Trainee: 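Have a look at the structure that comes next, please.
Keep in mind the model is a prediction, meaning the values are calculated, not measured. Heavy-atom basis, side chains included; hydrogens, waters and symmetry copies ignored.
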Amino acid sequence: MKVVWKLVVTGLALLILPLLSAAPEARAEITESHDIREWQFRWEPTPSFGPGIDPTGITDQWVSADKDTPVPDIPHKFSAAWIKFDLPKPDQAAWKQPGLFIDKLYGHHIVIYAGDRVLFESSRPYSYDVYKLALPLDRDDLGETVYVLVETLSDRIGLHQTIKLADYERTLPGFFKNDLFDMMLGGSLVFFSVIMLICSLILKKSLLSKWLSLSIVILTIGALIVTYSPFVYTFLGKYGQLSLALFDLALYVFLPTLTLFIEKALESPKRSLLTWCRKLLTVFSVCCLLFMVINEVTNAQYINFYYFFTGTLLGYVMLIQFTILISTTVIRAFKGNKDAVIMSTGFAVFAATGIGELIWFYANAKNYELFLWKWGVVCFVIAFIIILARQFAKDHERVVNYTKELELYNNRLQKHEKMEIISELAASVAHEVRNPLQVTRGFLQLLSKRAENSEKTYMNLALAELDRASDIITDFLTFAKPQLDDIKVLNLSEEFKHIVGILAPMAHLQGGEIRLHIPEHLYIRGNSAKFKQAFVNIIKNSIEALEREGLIEIQARTERETIIVHVRDNGQGMEDEELTRLGEPYFSSKTKGTGLGLMVTFRIIEVMQGKIEFQSKKGAGTEAIVRFPSASDPV
């Protein structure tokens with residue numbers, strides 16, 4: 001259990017550290033910069049790339065645009081566009097080297113010119129189409145017109161963010177700081193999930209499915225964050241295609257695994273809505289994976305279909321999935337499921353950011369990069385780690401309870417075996433011993449008639465001891481063979497009035513009082529003599545435990561089909577150790593007691609299909625609680 005908590009704390013630290021390192025300048029503000037808010041574009045039906053291009057010769061068909069009115073929807077049979085903007089000539093005194101910073105440029109093949117000089121060129125033969133560029137400029141480039149030739153394989157193209165002109169060296173670290181945060185956060189999640197997968201080797205099967213599904217969920221989320229960041233495609237361009245394939249694979253695995261974890265955590269039935277949702281998502285993810293393989297094998301010949309199925313359609317599927325998961329967890333939370341409350345809180349933050357950004361993504365014709373979902377992911381993962389920790393805590397508590405129950409069961413078993421041995425021994429010894437005792441008693445009585453006065457005293461003592469031995473043998477026989485021959489319906493009120501009549505004088509001698517509160521209509525089945533014997537033993541023990549101004553209360557009540565009798569005193573009380581040993585042979589809290597009385601009492605109540613338990617506190621008194629099956633009125 002300690003290992004699990006250490007793992008939880010380590011995981012939370014791994015998640016929080018990137019947040020602390022990223023705040024308060026996750027997006028470092030570019031100081032002393034010049035914003036280029038407007039540009040022009042023209043469509044290019046058949047783009048040609050190469051060193052012989054002279055973009056300055058293009059003079060017609062330019063249309064004005066900015067970040068609020070960017071490139072419109074791509075016309076039919078067009079896949080490329082020219083974009084141009086002018087570099088101003090601001091005060092250059094504060095800039096060691098000017099730099100051009102483009103936060104988002106959509107396209108697959110990009111060529112950027114300053115005048116007729118090529119500043120940047122890149123081609124991506126895979127579907128990731130977001131460029132984040134930081135380009136150093138010469139001082140001579142200021143005042144020139146920048147031309148950008150963009151070709152796309154997807155359904156979005158061009159600039160959709162303000163372009164900044166600033167000092168290159170001072171602005172570069174802050175420009176990519178947010179992307180570095182993505183790498184730290186995603187890497188932390190991947191590392192944490194790997195630790196969890198290693199720890200799964202020592203887990204029990206009962207928790208293995210939840211643990212593995214959560215590990216995979218965290219692993220795929222970390223992979224999504226890392227492979228979605230422009231950092232990989234900007235600085236590790238040769239691994240761009242592999243990174244994109246990992247992103248798609250992580251997304252396809254994430255969707256059904258997330259539903260599986262929630263299904264297991266909430267302990268949903270096998271044919272629930274979550275089960276059907278998980279199965280459909282599994283089929284959809286397999287289809288997406290198949291289309292990804294086809295797209296790779298055919299060198300992106302069917303990339304438009306692949307974009308629709310794994311982009312547009314997948315987005316709608318995720319919206320439906322998140323809606324179902326949020327609804328399910330909220331319903332469970334209202335039903336009082338604490339895990340569902342934690343899950344719905346964390347998942348609601350994640351799903352709300354996810355749904356909100358997906359809606360905004362489609363509302364802006366996909367010209368929007370999702371980033372808020374990463375903060376939702378942190379809340380989401382932390383909530384799930386807490387839930388899993390609670391599951392481990394419950395499991396540990398369950399094991400502890402099982403251990404206590406097993407110990408109690410073993411104690412009862414040992415006690416039962418001990419009683420069986422004593423019962424067999426008592427039955428055999430009692431029959432063999434009683435006859436010699438009776439013969440001895442008869443001869444002693446004859447001798448006492450002829451004895452002198454001094455000898456008669458000793459004879460009477462011997463007879464009294466023989467009578468006491470006979471009573472002990474009777475108790476043994478009652479314990480060994482407590483058959484109830486004369487079974488009838490007993491009125492508890494009448495039986496206890498008789499018992500109190502016998503024991504009231506004894507209670508008065510001790511300075512105590514017996515109060516009886518038994519309704520007239522309570523009936524049980526049993527033997528009157530044995531019933532009286534059992535409760536005489538109980539009440540007699542209470543009387544002997546009384547001190548000055550002692551009180552014994554006898555009450556009875558009905559609970560469903562059970563009669564419950566309470567015998568409560570305010571005497572000396574007992575310690576817990578004494579309570580556990582009540583009913584054992586030869587155990588007694590009294591100096592002259594043998595313990596056989598309570599042993600017989602337990603046996604009689606057991607034969608009458610009843611149950612007895614004692615509650616006591618040292619110095620506060622003891623309460624005996626006896627339960628019998630209720631019987632109907634014999635009249």
Trainee: Where is the tightest heavy-atom contact between P230 and D179, given as atom of each residue plus distance?
Mentor: CD-OD1, 3.6 Å
Trainee: Check side-chain contact (heavy atoms from CB on, under 4.5 Å) between I216 and all other residues, then give those that pass, not counting sequence neighbours.
Mentor: T220, V253, T257
Trainee: Show the numbers, then the answer: is there a side chain to side chain contact (heavy atoms under 4.5 Å, CB included) between V232 and T227?
Mentor: CA-CA 7 Å; V232 176; T227 54; 5.9 Å; no
Trainee: May I ask you to decide if V130's main-chain N or O and R124's side chain share a donor-acceptor pair within less than 3.5 Å?
Mentor: yes
Trainee: With rounding to the nearest 0.5 angstrom, report the CD to CG distance, E38 to D86.
Mentor: 11.0 Å
Trainee: Check whether any side-chain heavy atom of L314 lies under 4.5 Å from a side-chain heavy atom of L255, and answer yes or no.
Mentor: yes
Trainee: Minimum heavy-atom separation for S123 and Y131, please, with both atom names.
Mentor: N-OH, 4.0 Å
Trainee: Within the structure provided, determine whether V226 and D182 are in side-chain contact (heavy-atom separation under 4.5 Å).
Mentor: no
Trainee: Which atom pair, heavy atoms only, marks the closest approach of L172 to A134?
Mentor: CD1-CB, 3.6 Å
Trainee: Are side-chain heavy atoms of P98 and D141 found at a separation under 4.5 Å?
Mentor: no
Trainee: Is any side-chain heavy atom of K164 less than 4.5 Å from a side-chain heavy atom of F175?
Mentor: no
Trainee: Where do T282 and P256 come nearest, in terms of heavy atoms and distance?
Mentor: OG1-CB, 3.5 Å
Trainee: What class does the angle between the rings of Y168 and F101 fall in, given that below 30° is parallel, 30 to 60° is tilted and above 60° is perpendicular?
Mentor: parallel
Trainee: Start with the C-alpha distance between L159 and V148, add both sets of side-chain angles, then the distance that settles side chain to side chain contact (heavy atoms under 4.5 Å, CB included), and finish with yes or no.
Mentor: CA-CA 10 Å; L159 289 167; V148 183; 5.6 Å; no
Trainee: For L260 and S213, work out which heavy atoms get closest and say how close.
Mentor: CD2-CB, 4.2 Å
Trainee: May I ask you to check whether T259 and Q321 show a side-chain donor-acceptor distance below 3.5 Å?
Mentor: yes
Trainee: Just verifying a value: how many Å separate M292 CE and L290 CG, rounded to the nearest 0.5 Å?
Mentor: 10.0 Å
Trainee: Roughly how far, to the nearest 0.5 Å, is the CD atom of E169 from the NZ atom of K96?
Mentor: 6.0 Å
Trainee: Sequence neighbours left out, cut at 3.5 Å: what donor-acceptor pairs do the side chains of residues 235-248 make with other protein atoms?
Mentor:
{"residue": "Q241", "atom": "NE2", "partner": "E296", "partner atom": "OE1", "Å": "2.7"}
{"residue": "S243", "atom": "OG", "partner": "Y233", "partner atom": "OH", "Å": "3.3"}
{"residue": "D248", "atom": "OD2", "partner": "Y306", "partner atom": "OH", "Å": "2.6"}

Trainee: Can you check side chain to side chain contact (heavy atoms under 4.5 Å, CB included) on R42 and V63, steps first, answer last?
Mentor: CA-CA 6 Å; R42 67 184 295 274; V63 179; over 6 Å; no
Trainee: Say you draw a straight line from CD1 of I36 to OG1 of T162; how long is it, rounded to the nearest 0.5 Å?
Mentor: 9.5 Å
Trainee: Under 3.5 Å, is there a donor on one side chain and an acceptor on the other for S272 and T275?
Mentor: yes
Trainee: What pair of heavy atoms forms the shortest contact from R37 to D35, and how long is it?
Mentor: NH2-OD2, 3.1 Å
Trainee: Given side chains that start at C-beta, do those of E121 and I112 come closer than 4.5 Å, heavy atoms only?
Mentor: no
Trainee: From S193 OG over to L197 CG, what is the distance, rounded to the nearest 0.5 angstrom?
Mentor: 6.0 Å
Trainee: Check whether any side-chain heavy atom of L105 sits under 4.5 Å from a side-chain heavy atom of L133, and report yes or no.
Mentor: yes
Trainee: Measuring from I83:CD1 to W62:CH2, what's the distance to the nearest 0.5 Å?
Mentor: 8.5 Å
Trainee: Show your reasoning for whether side chain to side chain contact (heavy atoms under 4.5 Å, CB included) applies to I262 and T328.
Mentor: CA-CA 9 Å; I262 296 178; T328 303; 5.7 Å; no
Trainee: Any heavy-atom pair between the side chains of I163 and F85 that's under 4.5 Å?
Mentor: yes
Trainee: Do the non-hydrogen side-chain atoms of M318 and L251 ever get within less than 4.5 Å of each other?
Mentor: yes
